[in-house]
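Note sheet for the following structure.
Everything numeric here is computed off the predicted structure, so don't read it as measured data. For ligands, and for the atoms within them, numbers begin at 1 and follow the listed sequence.
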Amino acid sequence: MKKSAIVASFVAVMFVVLPATAQAGAESRCKSCHAFSDKNKVGPGLKGVYGSKAGTHAGYKYKFTKYMKGDPWVWDEAHLRSWILDSKKAVKEFTGNPKAKTKMGSQHVKGKKADEIIAFLKGLK
Ligand code: HEC
């Protein structure tokens, strides 16, 4: 293969692969249970979740709402970060109830991956 052809195919591969993997970071961790739309799957649809009140997505039957007292918390950066790191622990903290449970298993997402996912959720309007 000519050098120019090699360079051209390398550039082509970069264009195809890079955006796909950047998005897969966020999606691959959540999309088995969540749609990034209004639709509910195993978990509630995540469109518009950033800045919304916890446990209020239309038509979804939550488990953790049973343990809430008073106003729900808002899904801001700090809440989302704790949630995707360890939802089982976070739900106890957020509700102030040591017995609180959630259907969502702990995902152990942190660092740059967590930044990426939170940025992705912010963009889902
Ligand atoms: C194994 C399935 C599963 C995976 C994977 C999963 N979730 Fe969940 N998620 C759920 C379920 C089920 C609920 C509802 C929890 C309940 O009712 O207790 C939920 C609830 C939530 C909520 C609360 C929404 C609301 O309306 O209050 C957020 C935010 C959330 N998940 C974000 C995420 C993100 C971000 C990821 C990817 C890092 C993720 N989840 C991965 C199953 C999952």
Side-chain angles (χ1 to χ4, degrees):
M1 216 191 288
K2 270 198 194 150
K3 199 174 164 195
S4 60
I6 294 170
V7 170
S9 43
F10 181 69
V11 170
V13 165
M14 289 225 325
F15 271 106
V16 174
V17 173
L18 280 185
T21 49
Q23 223 196 13
E27 288 193 16
S28 61
R29 297 305 290 254
C30 324
K31 74 173 182 188
S32 49
C33 302
H34 291 282
F36 302 124
S37 68
D38 286 330
K39 281 212 188 91
N40 297 316
K41 287 171 56 178
V42 177
L46 290 182
K47 187 178 155 194
V49 73
Y50 189 87
S52 76
K53 289 186 177 176
T56 59
H57 192 81
Y60 187 79
K61 221 168 168 296
Y62 291 88
K63 180 164 194 174
F64 68 74
T65 49
K66 274 197 286 248
Y67 304 94
M68 284 173 151
K69 291 177 242 131
D71 281 345
W73 61 90
V74 169
W75 288 119
D76 55 14
E77 255 192 82
H79 282 91
L80 284 168
R81 202 169 287 276
S82 309
W83 187 256
I84 62 179
L85 178 65
D86 190 347
S87 43
K88 304 254 178 212
K89 188 175 153 215
V91 76
K92 295 177 169 51
E93 239 170 67
F94 298 168
T95 57
N97 183 341
K99 293 205 171 101
K101 289 192 170 65
T102 171
K103 278 192 267 179
M104 179 167 149
S106 300
Q107 299 298 308
H108 310 291
V109 180
K110 56 187 168 194
K112 227 180 119 219
K113 269 261 146 41
D115 294 344
E116 251 178 61
I117 289 174
I118 292 166
F120 176 81
L121 294 177
K122 268 188 198 173
L124 286 179
K125 300 253 161 68

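- Qualifying salt bridge (Lys or Arg N to Asp or Glu O under 4.0 Å) partners for E93, counting only residues two or more places apart in sequence or in other chains: none.
- Taking a cut-off of under 4.0 Å to the non-hydrogen atoms of C33, the atoms of ligand 1 that pass are 1 (C), 2 (C), 3 (C), 4 (C), 5 (C), 42 (C), 43 (C).
- With a 4.0 Å heavy-atom cut-off, ligand 1 is reached by the backbone of T102 and by its side chain too.
- Once rounded to the nearest 0.5 Å, the distance linking CG of D86 with CE of M104 reads 9.5 Å.
- Atoms of ligand 1 found under 4.0 Å from any heavy atom of A54, numbered from 1 in the order shown, are 27 (O).
- The side chain to side chain donor-acceptor pair (under 3.5 Å) contacts involving residues 94-104 comprise Y60-K103, where partners must be two or more places apart or lie in separate chains.
- Set against the non-hydrogen atoms of I84, the atoms of ligand 1 under 4.0 Å away are 34 (C), 35 (C), 38 (C).
- At a heavy-atom distance under 4.0 Å, atoms from both the backbone and the side chain of C30 approach ligand 1.
- Here atom 12 (C) of ligand 1 lies nearest to Y60 when heavy atoms of Y67, Y60, F120 are compared.
- At a 3.5 angstrom cut-off on N or O pairs, G55 counts as close to ligand 1.
- Note: K110 NZ to S82 OG = 13.5 Å, rounded to the nearest 0.5 Å.
- Considering backbone and side-chain atoms alike, H34 places an N or O below 3.5 Å from some N or O of ligand 1.
- Shown here is K63, whose NZ atom has more than 12 heavy atoms of other residues, nucleotides or ligands within 6.0 Å.
- Residue-ligand proximity, L121 to ligand 1, at heavy-atom distances under 4.0 Å covers atoms 35 (C).
- Set against the non-hydrogen atoms of I117, the atoms of ligand 1 under 4.0 Å away are 35 (C), 38 (C).
- Listed by number with element, the atoms of ligand 1 under 4.0 Å from a non-hydrogen atom of R29 are 5 (C), 37 (C), 38 (C), 41 (C).
- When the shell of 6.0 Å around NZ of K41 is examined, it contains more than 12 heavy atoms from other residues, nucleotides or ligands.
- When only interatomic distances are considered, the shortest N/O to N/O separation between K61 and ligand 1 does not fall below 3.5 Å.
- When each atom of ligand 1 is checked for a heavy atom of V42 under 4.0 Å away, the hits are 12 (C).
- Residue contacts with ligand 1, taken as heavy atom pairs separated by less than 4.0 Å, involve L80 solely via side-chain atoms from C-beta onward.
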Steps toward side chain to side chain contact (heavy atoms under 4.5 Å, CB included) verdict (H57, Y62): CA-CA 9 Å; H57 192 81; Y62 291 88; 3.0 Å; yes
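- Of all the listed residues (W83, W73, Y50, Y62), W83 holds the heavy atom that lies closest to atom 28 (C) of ligand 1.
- Here CZ of F36 is found 7.0 Å from CG of L124. Values are rounded to the nearest 0.5 Å.
- Relative orientation of the W73 and H79 rings is parallel, given thresholds of 30° and 60° on the angle between their planes.
- Nearest to atom 10 (C) of ligand 1 by heavy atom, out of M104, K113, Q107, is M104.
- Geometrically, ligand 1 and W75 share a nitrogen or oxygen pair separated by less than 3.5 Å.
- Heavy-atom neighbours of K89 NZ from other residues, nucleotides or ligands within 6.0 Å: at or below the threshold of 12.
- Every N/O-N/O distance between T56 and ligand 1 stays at or above 3.5 Å.
- Ligand 1 has at least one atom lying under 4.0 Å from a heavy atom of P44.
- The aromatic rings of F94 and W83 lie parallel to each other, with less than 30° between the two planes, well short of the 60° mark.
- Contacts of T65 with ligand 1, taken as heavy-atom pairs under 4.0 Å, are absent altogether.
- Summarising the geometry, atom CG belonging to L46 is positioned 9.5 Å from atom CG belonging to N40; distances are rounded to the nearest 0.5 Å.
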